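For reference, the structure is listed below as structure tokens.
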Amino acid sequence: MTGRGILDQISAGLEPAGILLRGIARFGEGEGPALDGGGTALSVVLLGNIGGSVWPAFSRWRRRYGGPDPLDTWSKAMIQPVARKLAATAWFPSDPPYQPFQQWAMRAEALAPSPLGILLHPRYGLWHGYRGALGFPFELDGCLSLRDRDPSADGWEDACTAACPAGAVAKERFDVAACRAYLRSDAGQETCMVEGCRARDACPVGAQFRYPPEQVRFHMQALF
Ligand code: B12
């Protein structure tokens with residue numbers, strides 16, 4: 001099967017769930033992550049959400065699921081069958097030992113680190129994430145990635161840091177403890193927990209890809 005054929009099969013299996021092709025990280029011999037069948041990956045296909053793409057399918061599935069870690073569990077249920085069919089090695093972002101998803105993503109696309117720890121995408125801003133990755137022992141063709149930075153993004157870091165009511169978002173680091181302490185306070189419960197992260201919301205890039213309100217609350221609850 002050609003590279004394009006593999007990408008088409010991945011899309012056919014996962015797009016209905018809103019899990020989209022998010023880029024290909026390419027590695028030299030012996031440089032990539034270890035594959036289940038031995039050897040290392042030459043190609044890692046990143047899979048994830050753009051804006052609220054996963055939310056409709058995930059929400060429908062979740063009504064029948066009462067267990068822990070619903071988004072991670074759902075992602076595995078969607079991605080693992082595709083991995084098996086293509087004899088690919090599957091990795092998931094929340095599974096320890098943590099795989100360097102953000103380094104892979106930066107290798108695939110022109111993403112920039114942000115004060116929030118989330119990578120800024122030139123088109124989708126802070127409104128995207130990764131649900132899994134598939135590794136292959138060969139090179140995959142297919143042009144998926146955006147390589148140009150958006151100059152209109154200039155100044156976005158200041159907008160983010162200024163918007164955090166807890167002062168938890170600084171250019172150098174995201175103070176998780178300060179963020180969580182604020183989320184526990186009455187003010188945090190009434191604002192960020194309901195409306196989402198103010199700093200994320202203040203970023204001007206990709207504002208049209210903002211998550212729907214329910215998804216925003218789901219992620220805040222997970223962070224809390
Ligand atoms: C541990 C973790 C956290 C911890 C961070 C603790 C700490 N201070 O280190 C906590 C629980 C706080 C966290 C929070 C969030 N996280 Co987080 N997190 C991870 C996780 C599972 C592992 C990170 C890691 O250690 N990687 C291992 C190293 C080897 O990989 P790496 O690529 O080299 O590491 C990079 C990261 O560690 C990053 N980094 C360093 N410090 C921090 C701090 C934060 C908050 C984040 C997000 C990243 C980050 O910098 C490294 C170099 O690029 C990753 C998934 C993954 N496998 O990477 C998600 C991940 C980085 N998180 C993500 C997200 C979206 C979030 C939240 C928005 C989720 C939420 N519920 O709201 C928040 C961000 C806070 C906010 N303001 O909204 C996304 C980022 C997607 C993107 N577009 O870049 C990831 C990739 C998960 C995913 N499914 O997509 N996170």
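Whatever order the structure lists ligands and atoms in, that order sets their numbers, starting from 1. Predicted model only: the values in this text are computed from it and were never measured.
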Short N or O distance, Gln102 and ligand 1, threshold 3.5 Å exclusive: yes
Ignoring hydrogens, what is the shortest heavy-atom contact between Pro33 and Trp104? Give both atom names and the distance. CG-CZ2, 3.6 Å
Do NZ/NE/NH1/NH2 and the carboxylate oxygens of Glu31 and Arg26 come within less than 4.0 Å? no
Nearest-0.5 Å distance that lies between atom CG in Leu14 and atom CG in Leu134: 7.5 Å
Is there a polar contact between ligand 1 and Pro93, counting only N or O atoms under 3.5 Å apart? yes
Specify the protein heavy atom at minimum distance from atom 77 (N) of ligand 1: its residue, its atom name, and the distance to 0.1 Å. Leu116 CD2, 3.0 Å
Indicate whether atom 7 (C) of ligand 1 is within a distance of less than 4.0 angstrom of some protein heavy atom. no
Counting only heavy atoms not in Glu139 (residues, nucleotides, ligands), do more than 12 fall under 6.0 Å from its CD? no
For ligand 1, is His121 a contact, meaning one of its heavy atoms is under 4.0 Å away? no
Atom 75 (C) of ligand 1: which protein heavy atom is closest, and how many Å away? Phe174 CE2, 3.4 Å
Location of contacts on Tyr130 toward ligand 1, heavy atoms closer than 4.0 Å: both
For atom 15 (C) of ligand 1, what's the nearest protein heavy atom and its distance? Leu223 CD1, 4.3 Å
Under 4.0 Å, heavy-atom basis, I'd like to know which part of Val176 is in contact with ligand 1: side chain, backbone, both or neither. side chain
As an exercise, state the distance from CZ of Phe209 to NE2 of His128, rounded to the nearest 0.5 Å. 11.0 Å
Any protein heavy atom under 4.0 Å from atom 18 (N) of ligand 1? no
Atom 30 (O) of ligand 1 [closest protein heavy-atom partner, distance rounded to 0.1 Å]: Pro100 CA, 3.2 Å
Flag: protein heavy atom within less than 4.0 Å of atom 35 (C) of ligand 1: yes
Quick one: does Leu119 get an N or O within less than 3.5 Å of an N or O on ligand 1? yes
Side-chain donor/acceptor of Arg210 to backbone N/O of Asp201, under 3.5 Å: yes
Nearest-neighbour protein heavy atom for atom 66 (C) of ligand 1, which is reported as residue plus atom name and distance: Ile118 CG1, 4.7 Å
Can Ile118 and Arg200 be said to form a side-chain contact (heavy atoms from CB on, under 4.5 Å), step by step? CA-CA 9 Å; Ile118 308 168; Arg200 196 173 191 178; 3.5 Å; yes
Check whether any protein heavy atom sits under 4.0 Å from atom 11 (C) of ligand 1. yes
Might you confirm whether atom CD of Gln208 has over 12 heavy atoms from other residues, nucleotides or ligands at distances under 6.0 Å? yes
Is the shortest N/O to N/O distance between Tyr98 and ligand 1 below 3.5 Å? no
Trace of the side-chain contact (heavy atoms from CB on, under 4.5 Å) decision for Thr89 with Trp91: CA-CA 7 Å; Thr89 298; Trp91 296 281; 3.6 Å; yes
So, Phe58 versus Phe218, ring centres under 6.0 angstrom or not? yes
Are Arg22 and ligand 1 in contact, using a heavy-atom cut-off of under 4.0 Å? no
Ile19 CD1 to Tyr130 OH distance, which is reported to the nearest 0.5 Å: 14.0 Å
CD on Gln102 to CG on Leu119, rounded to 0.5 Å: 4.0 Å
Atom 88 (C) of ligand 1: any protein heavy atom closer than 4.0 Å: yes
Which distance, rounded to the nearest 0.5 Å, do you find between the OG of Ser53 and the CG of Leu20? 4.5 Å
Under 4.0 Å from atom 2 (C) of ligand 1, do we find at least one protein heavy atom? no
Under a 4.0 angstrom heavy-atom cut-off, which atoms of ligand 1 come close to Gly129? 90 (O)
Would a 4.0 Å cut-off, counted as strictly less than, catch a protein heavy atom around atom 47 (C) of ligand 1? yes
Quick one: look up the protein heavy atom nearest atom 70 (C) of ligand 1 and list residue, atom name and how far away it is. His219 O, 3.6 Å
Near Arg131 (heavy-atom distance under 4.0 Å), the atoms of ligand 1 are 89 (N)
For ligand 1, which atoms sit closer than 4.0 Å to a heavy atom of Arg180? 11 (C)
Quick one: does ligand 1 sit under 4.0 Å from the side chain of Arg107, the backbone, both or neither, non-hydrogen atoms only? neither
Under 30°, 30 to 60°, or over 60°: which ring-plane class applies to Phe136 and Phe138, parallel, tilted or perpendicular? tilted
What is the nearest protein non-hydrogen atom to atom 81 (C) of ligand 1, stated with its residue, atom name and distance? His128 O, 4.0 Å
Aromatic ring centroids of Trp127 and Tyr124 under 6.0 Å? no
Is the shortest N/O to N/O distance between Gln103 and ligand 1 below 3.5 Å? yes
Would you check whether Met106 reaches within less than 4.0 Å of ligand 1, judged by its heavy atoms? yes
Min N/O separation Arg200 to ligand 1 under 3.5 Å: no
For atom 60 (C) of ligand 1, is the nearest protein heavy atom closer than 4.0 Å? no
Straight-line distance of Asp95 CG to Asp69 CG, nearest 0.5 Å: 9.5 Å
Counting C-beta onward and ignoring hydrogens, is there a side-chain heavy-atom pair between Leu21 and Val45 closer than 4.5 Å? yes
For Tyr211 and Asn49, which I'm curious about, is there any donor-acceptor pair between the side chains at under 3.5 Å? yes
Closest protein heavy atom to atom 43 (C) of ligand 1, given as residue, atom name and distance to 0.1 Å: Gly117 CA, 4.4 Å
